[in-house]
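Here's the structure we're looking at; comments come further down.
These values consider heavy atoms only, across backbone and side chains, with no hydrogens, waters or symmetry-generated copies. A, B, ... follow the sequence lines: proteins, then strands. Residue 1 opens every chain.
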Amino acid sequence: MKNKGYHYAVIVLLMVYLLLPLLATLLFALAKDWQATILPSGWTLEWFAGMLQDARFMESLGRSLLVCTLSVLLSIIIMVPTIYIVTVYMPKLEKLLYALVLLPYALPGVVMAVGLIRIYSGGPVPITGTLWILIGAYFVIILPYMYQGIRNALRTVNARELTNAAELLGATRAQAFKLVVLPNILPGIMVSVLLSFSILFGEFVLANLLVGGRYETVQIYLYKRLSESGHLSSAVAIAYFGFVLVLSGLLLRLGKWVLRTPDIR
Amino acid sequence: MRRSRRFAWPLLAAVLPFLFMAACFEIVPLISMLFSSFRAEAGSSLTLEHYLTSLSNPFYTKAIRNSVLIALYSSVIGLAVGMIAANTITRLPETVRDRILMISNMTSNFAGVPLAFAFIILLGNNGLFTLLFDDIGLPVLGEFELYSWTGLVLVYVYFQIPLAILLMYPTYYGIKEQWREASGLLGAGTVQFWRYIGLPLLLPGMLGTFSILFANAMGAYATAYALVGGNYNLLAIRIGSLTAGDVYVRPELGSALAVLLAAAMLLAMWINERMMLKVRRDLAG
Amino acid sequence: MGSYFTLNAITKSFNGSQVLNNLSLEAEQGELLTLLGPSGCGKSTLLRCIAGLDVMDNGSILLDGVELSTLPAKKRNVGMVFQSYALFPNLTVYDNIAFGLKMRGDRREQIRSRVEEMLELVELSGKRKEYPHRLSGGQQQRVALARSLAVEPKLLLLDEPLSALDAKIRRNLRMELRRIQQRLKMTMIFVTHDQEEALMISDRVFIMNEGQIIQSGRPEEIYTEPSSAFTARFIGHYNVLNRQEMEAVFGLRELAGSAYAIRPEAVKLRPADEETAHGVKAQDDSFRDSSALTAQGHVTEVTVLGSLIRCTVSTGETEIQADMLNDRYRFPIRQGTGVTLAVDPEDCRNLDHGGAIGRCPSYQKNESFTSLSGSRFTAR
């Protein structure tokens with residue numbers, strides 16, 4: 001390897017740049033007092049303790065977990081059969097599915113929010129400001145990630161041929177799906193779920209515009225707390241990032257596993 | 001075809017919930033947004049007035065210009081840094097490479113409110129670096145103001161870099177060491193290799209990545225909102241406060257701006273699709 | 001309608017193009033038929049239509065007196081082995097083979113004895129608890145075969161089952177497949193694009209092109225008696241010459257057919273240079289026979305194929321390929337060598353009417369041709 005020094009310098013600089021903001025947040029979360037000095041004057045865990053004792057935080061955490069879980073659950077129940085059926089039985093609908101699924105990836109949250117507010121602020125279904133509109137919106141924004149994971153899994157296990165083989169051996173469609181396809185695409189579904197979950201947990205735009213303070217999620221709570229207590233907010237931010245870290249770690253493991261299994265030969 | 005019909009009905013029924021959800025929360029809202037962008041604020045007549053306002057009123061043209069400029073700067077810087085980093089990453093041993101890609105992947109999740117806050121800790125009025133440089137007496141940050149245009153670019157660059165690395169890395173990875181060796185054997189130097197072979201191969205990937213970065217910055221809302229609040233004049237923030245604001249709500253105008261933003265994003269996505277198609281073709285095999 | 005299995009006028013089009021064009025065939029019980037054709041000729045589609053995985057536009061499929069075309073795939077009693085094996089990755093070898101029996105609702109004891117029987121048949125008893133990804137490709141395909149055979153289908157379809165395997169394993173598995181088929185007297189339809197494979201294992205070969213069967217027959221007939229330029233080229237690297245070329249090369253006049261096919265191993269070469277030729281004359285009589293068609297030319301390309309040497313000979317406008325045994329009697333040959341070539345008129349197949357060249361009806365069979373034609377399966 002030529003220019004070894006150069007390449008390592010690049011990597012070190014990059015890592016410092018990428019990790020510095022995280023480190024600063026961590027320092028702030030652990031600092032006893034940090035006013036007008038370069039480094040904190042003392043260390044403490046009280047902010048983390050305070051975070052756990054803060055009923056408002058715990059409530060917002062509960063809300064975030066609830067809305068994310070419900071959205072992802074709904075997405076699994078609806079999308080796994082849909083993607084499977086379209087892939088195996090109705091390849092003609094594939095283009096339509098792809099377009100519907102890709103659109104939320106192309107459009108920013110703020111654009112999605114405008115349309116949703118138009119429809120659901122008044123009219124026959126006034127659900128703006130409730131959990132329900134958020135679940136609907138979240139269902140849509142995780143579509144690309146659910147699709148990608150499930151579709152890839154179906155492709156790697158060659159679901160179409162597995163289904164054909166199962167049906168020729170006398171299985172009904174439901175049996176072919178339940179006994180043969182589903183067990184083999186579970187890792188792919190897990191990848192989709194974890195990815196979707198980590199995206200939804202950090203979601204701010206739609207939460208802020210569609211429900212705002214009326215249904216305070218962790219991200220909204222964090223935003224409101226910023227000006228009140230920086231240390232507490234740092235603790236929340238670090239906890240949040242730790243959570244994302246765990247999810248990413250799991251994802252990486254699973255991703256490798258998904259890529260490893262399909263060798264047919 | 002009578003036979004296949006009969007087989008298809010139960011399957012179609014199983015796809016219905018998806019179509020229902022997509023209609024309710026994706027298609028109908030977007031169509032409604034499109035209609036409302038053409039509707040007059042009083043009455044129900046159709047008008048182009050909101051688009052005219054968007055593109056001529058100095059307040060909104062400023063918002064558009066601010067957004068475009070911030071997106072442009074942060075994308076160019078992000079792409080440049082991302083390319084240098086991606087090039088380096090492909091030259092590293094595999095274990096190091098995997099770890100760095102993992103870190104890039106994770107930090108790309110670090111955006112929005114927590115990121116804005118981290119930068120306040122680093123570079124805000126009482127920030128770590130602000131005080132540090134004051135202390136040493138370095139004038140570097142003398143003029144710097146986090147809550148300004150340059151501050152925003154700096155924060156945007158932070159979330160653009162990991163994305164740029166992740167998007168550019170496959171392209172670099174596709175450039176095979178043998179090509180470098182072959183061009184070397186034919187008498188080309190490093191510069192010539194990049195000029196005649198490397199760059200032409202990278203170009204579609206660069207364009208594709210740039211369009212994604214640009215779209216990403218144009219549509220970014222949370223980071224700016226957390227850093228400078230709902231009053232800063234950016235397109236995404238303007239759309240948000242026109243539709244869901246507390247004081248000054250003009251949903252029709254907001255819709256028109258949103259349609260413009262959506263059009264720009266779809267264009268960027270389309271460019272990216274085309275470019276990626278070319279990348280895959282060039283680097284196949 | 002006495003046949004065990006009958007396809008009648010099968011038609012299928014896809015996106016406006018005709019994939020299967022009014023196709024019919026019949027098979028007896030216990031026969032192994034091969035559908036042989038280039039990729040895209042419709043052979044796999046035909047299998048999928050028989051299995052019920054694709055819907056055909058028109059036609060009927062009769063198996064043991066039952067019309068299949070209105071039945072769903074799982075009720076047809078037809079098994080299928082896929083190119084990619086399609087083993088269920090989450091199930092062990094045992095459970096893969098047992099799958100069909102379970103779906104049928106067999107009793108446990110029944111299932112066990114049947115699976116054991118199948119494991120023995122494909123010689124994988126020791127692997128019953130392994131998962132598919134732990135097996136080699138050849139083993140996986142044997143499991144797939146056992147899985148299909150376990151439910152005793154009335155007809156087994158095999159869609160290029162060997163083409164994902166290495167050459168050596170492919171050859172072994174091919175013979176094993178034939179052995180199992182004969183032992184169980186299973187009716188099979190085997191799809192392949194490999195002519196060697198088709199000729200080796202089948203009772204009858206059906207050559208397919210563009211959605212139609214263009215020739216069928218026992219392997220030895222198919223090889224020696226191609227009825228069209230397509231078959232001639234596809235199955236044996238025949239030299240296919242149209243009438244004008246034929247007349248120009250061999251100095252003939254007023255031939256009856258519009259095209260002729262000549263097997264490369266039927267083309268005899270002798271050096272134009274008499275001195276070198278001396279030793280050759282002694283053991284090859286074809287040149288002395290006055291009825292042989294002869295032509296002058298020079299060698300443009302020499303390819304060694306192991307036991308055979310393939311020469312491309314240019315005779316003016318036309319190039320002709322000739323195979324010769326790579327034995328110690330052969331004369332030295334290289335690019336540019338001038339040669340005389342001779343062909344027995346019997347070996348010039350008229351592609352319009354079948355039969356050989358029409359010029360010399362009375363012709364005595366020559367010994368040297370029979371000895372050489374023994375090598376035909378090694379060609380390619």
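Interface with chain A: from residues 159-167 of chain B, residues Ile161(B), Pro162(B), Ile165(B) qualify, criterion being any non-hydrogen pair under 4.5 Å. By a heavy-atom distance cut of under 4.5 Å, Ala106(A), Leu107(A), Pro108(A), Val110(A), Val111(A), Met112(A), Val114(A), Gly115(A), Leu116(A) are the residues of residues 106-116 of chain A near chain B, going up by number. Below 4.5 Å, heavy atoms of chain B meet heavy atoms from Gln219(A), Leu222(A), Tyr223(A), all part of residues 213-223 of chain A.
Heavy atoms closer than 4.5 Å to chain B are found in the side chain of Leu14(A), but not in its backbone. For Tyr240(A), the part lying under 4.5 angstrom from a heavy atom of chain B is the side chain only. Only the side chain of Ile117(A) has a heavy atom closer than 4.5 Å to any heavy atom of chain B. Contacts between Val205(A) and chain B at a heavy-atom distance below 4.5 Å involve backbone atoms as well as side-chain atoms. Of the two parts of Met102(B), only the side chain, counted from C-beta on, holds a non-hydrogen atom closer than 4.5 Å to a non-hydrogen atom of chain A. Contact of Tyr17(A) with chain B is made through backbone and side chain together, with heavy-atom distances under 4.5 Å. Only the side chain of Ile27(B) comes within contact range of chain A, with at least one heavy atom under 4.5 Å from a heavy atom of that chain. Heavy atoms closer than 4.5 Å to chain A are found nowhere in Val155(B), neither backbone nor side chain. Both the backbone and the side chain of Ala236(B) have a heavy atom closer than 4.5 Å to some heavy atom of chain A. Both the backbone and the side chain of Phe18(B) come within less than 4.5 Å of a heavy atom of chain A. Using a 4.5 Å cut-off between heavy atoms, Val259(B) makes no contact with chain A at all.
To the nearest 0.5 Å, the span separating OG on Ser32(B) from CZ on Arg118(A) amounts to 5.0 Å. Annotation: the span from Ile84(B) atom CD1 to Leu13(A) atom CG amounts to 10.5 Å, rounded to 0.5 Å. The distance from atom CG of Leu12(B) to atom CE of Met90(A), rounded to the nearest 0.5 Å, is 4.5 Å. Here OG1 of Thr88(B) is found 4.5 Å from OH of Tyr6(A). Values are rounded to the nearest 0.5 Å.
Chain A forms the most heavy-atom pairs under 4.5 Å with one residue out of Glu26(B), Met265(B), Met33(B), Met269(B), and that residue is Glu26(B). In terms of heavy-atom pairs under 4.5 Å with chain A, the best-connected choice from Val96(B), Leu122(B), Leu115(B) is Leu122(B). Listed options Thr107(B), Leu34(B), Ile237(B) were ranked by heavy-atom pairs under 4.5 angstrom with chain A; first place goes to Thr107(B). With chain B as the partner, the residue from Leu20(A), Val244(A), Thr128(A), Val236(A) showing the most heavy-atom pairs under 4.5 Å is Leu20(A). Among the candidates Leu245(A), Leu96(A), Ile133(A), the residue making the largest number of heavy-atom pairs closer than 4.5 Å to chain B is Leu245(A).
You'll find the side chain of Thr223(B) stays beyond 4.5 Å of the side chain of Phe204(A), heavy atoms only. Looking at heavy atoms from C-beta onward, Met15(A) lies in side-chain contact with Ile100(B) at the 4.5 angstrom threshold. Counting heavy atoms from C-beta outward, Thr25(A) and Pro114(B) have side chains that stay 4.5 Å or more apart. Between Cys24(B) and Tyr120(A), some side-chain heavy-atom pair lies under the 4.5 Å cut-off. The shortest distance between side-chain heavy atoms of Leu27(A) and Ile121(B) does not fall below 4.5 Å. Here the side chains of Tyr221(B) and Leu209(A) are in contact, with some heavy-atom distance below 4.5 Å.
Heavy atoms only, all atoms of each residue included: Pro93(B) and Tyr8(A) are closest at CD-OH, 4.0 Å. Between Pro21(A) and Tyr158(B), the shortest heavy-atom contact is CG-CE1, 3.5 Å. Closest of all the heavy-atom pairs between Gly230(A) and Phe117(B) is O-CZ, 3.2 Å.
Around CD of Glu94(B), the count of heavy atoms belonging to other residues, nucleotides or ligands within 6.0 Å does not exceed 12. Other residues, nucleotides and ligands contribute at most 12 non-hydrogen atoms within 6.0 Å of the CH2 atom of Trp132(A).
In this structure, Phe241(A) has its ring center closer than 6.0 angstrom to the ring center of Phe110(B).
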Donor-acceptor contacts, no H, no angles, side chain residues 72-89 of chain A, under 3.5 Å, sequence neighbours left out:
from: Thr82(A); atom 1: OG1; to: Ile78(A); atom 2: O; distance (Å): 2.7
from: Tyr84(A); atom 1: OH; to: Thr163(A); atom 2: OG1; distance (Å): 3.0
from: Thr87(A); atom 1: OG1; to: Ile83(A); atom 2: O; distance (Å): 2.5
from: Tyr89(A); atom 1: OH; to: Glu167(A); atom 2: OE2; distance (Å): 2.5

